[in-house]
Amino acid sequence: MSAVDNLMQTAVADVELLRLLDSQGDRFGVFRDVDFLLRAPSDEQAELVASFVNDHSYGQATVQAGEQPAVLIVIHMPIEQHIVMSVSGFMACLSRIFGLEYDGWGCVAQAERP
């Protein structure tokens, strides 16, 4: 899959998640911890990417070692469409550069209070 195709697929998945959160009454402008998951082919590759992210202050990255190593990157941010899709696209590109698989993002909905 080309980089452009990957970004287009990522954008579609991002919009679907935003629609789901919208249906839960999410207030997109509220800052919250957003998790981005990058699956790695090895613990060493996960460590490399986590170090890169942390060294450049792109987020708080931790390695999830095990049978399927991964890098979990947490960023405290709002999820307004233009913001979260830009960060998500960056994560997709970062994954491609380092040979990881971007598995998307998630967060807890910040719904209106009664």
Side-chain angles (χ1 to χ4, degrees):
M1 171 186 323
S2 74
V4 172
D5 290 337
N6 188 22
L7 286 171
M8 289 171 47
Q9 278 188 335
T10 298
V12 169
D14 292 344
V15 169
E16 288 175 5
L17 183 51
L18 287 169
R19 285 184 179 144
L20 174 64
L21 289 165
D22 187 47
S23 73
Q24 296 172 2
D26 195 306
R27 297 179 299 152
F28 295 157
V30 174
F31 279 71
R32 82 284 308 274
D33 287 343
V34 182
D35 303 327
F36 298 87
L37 187 64
L38 289 62
R39 299 199 181 277
S42 67
D43 289 335
E44 294 79 20
Q45 196 69 5
E47 289 285 349
L48 175 68
V49 173
S51 291
F52 178 81
V53 169
N54 289 331
D55 289 349
H56 296 286
S57 300
Y58 289 126
Q60 294 178 330
T62 56
V63 173
Q64 297 180 330
E67 190 174 315
Q68 174 63 65
V71 179
L72 181 67
I73 302 168
V74 178
I75 302 174
H76 193 72
M77 58 183 276
I79 59 164
E80 292 168 330
Q81 185 172 356
H82 63 286
I83 297 171
V84 76
M85 289 182 73
S86 295
V87 176
S88 182
F90 172 73
M91 295 299 172
C93 290
L94 188 65
S95 295
R96 187 172 182 87
I97 290 167
F98 283 99
L100 280 69
E101 176 189 338
Y102 177 49
D103 197 25
W105 60 275
C107 65
V108 176
Q110 302 297 311
E112 294 281 346
R113 294 196 175 121

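Numbering starts at 1 and runs along the sequence shown. Basis for what follows: all heavy atoms, side chains included, without hydrogens, waters or symmetry-related copies.
Nearest heavy-atom pair across Cys107 and Arg32 is SG-NH1, 3.5 Å.
A distance of 9.5 Å separates CG in Leu38 from CD in Glu101, rounded to the nearest 0.5 Å. Interatomic distance, Leu21 CG to Phe28 CZ, rounded to the nearest 0.5 Å: 6.0 Å.
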Please output the side-chain donor-acceptor pairs of residues 7-16 that fall under 3.5 Å, not counting sequence neighbours, one pair per line with the distance.
| unit_1 | atom_1 | unit_2 | atom_2 | d |
| --- | --- | --- | --- | --- |
| Thr10 | OG1 | Asn6 | O | 2.9 |
| Asp14 | OD1 | Ser88 | OG | 3.1 |
| Asp14 | OD1 | Trp105 | NE1 | 2.8 |
| Asp14 | OD2 | Ser88 | OG | 3.0 |

For a quick test of your reading: what N or O donor-acceptor pairs under 3.5 Å do the side chains of residues 67-86 make, sequence neighbours left out?
| unit_1 | atom_1 | unit_2 | atom_2 | d |
| --- | --- | --- | --- | --- |
| Gln68 | NE2 | Ala40 | O | 3.1 |
| His76 | ND1 | Asp33 | OD1 | 3.0 |
| Ser86 | OG | His82 | O | 2.7 |

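A 4.5 Å side-chain heavy-atom check between Leu94 and Val53 finds at least one atom pair inside the cut-off.
Partners of Asp103 under the side-chain hydrogen bond (donor to acceptor under 3.5 Å, both in side chains) rule, at least two apart in sequence or in another chain, are Arg39. For the ring-ring contact (aromatic ring centres under 6.0 Å, His included) test, residues two or more places apart in sequence or in another chain that qualify with Phe52 are His56, Tyr58, Phe98. The side-chain hydrogen bond (donor to acceptor under 3.5 Å, both in side chains) check on Asp55 picks up nothing, with sequence neighbours excluded. Checked against side-chain hydrogen bond (donor to acceptor under 3.5 Å, both in side chains), Arg96 has no partners two or more places apart in sequence or in another chain.
Cluster annotation: Phe36 is connected to Leu20 through the hydrophobic network of ILVMFWY side chains, with a link wherever side-chain heavy atoms come within less than 4.5 Å. At a threshold of 4.5 Å between side-chain heavy atoms, the hydrophobic network of Ile, Leu, Val, Met, Phe, Trp and Tyr places Leu37 and Val49 in two separate groups. Cluster membership for Val30 and Leu18, using ILVMFWY side-chain heavy atoms within less than 4.5 angstrom, is not shared. Following chains of ILVMFWY side-chain contacts shorter than 4.5 Å, one cannot reach Val87 starting from Phe31, and the two form parts of different hydrophobic clusters.
The backbone N or O of Val108 sits less than 3.5 Å from a side-chain atom of Gln110, completing a donor-acceptor pair.
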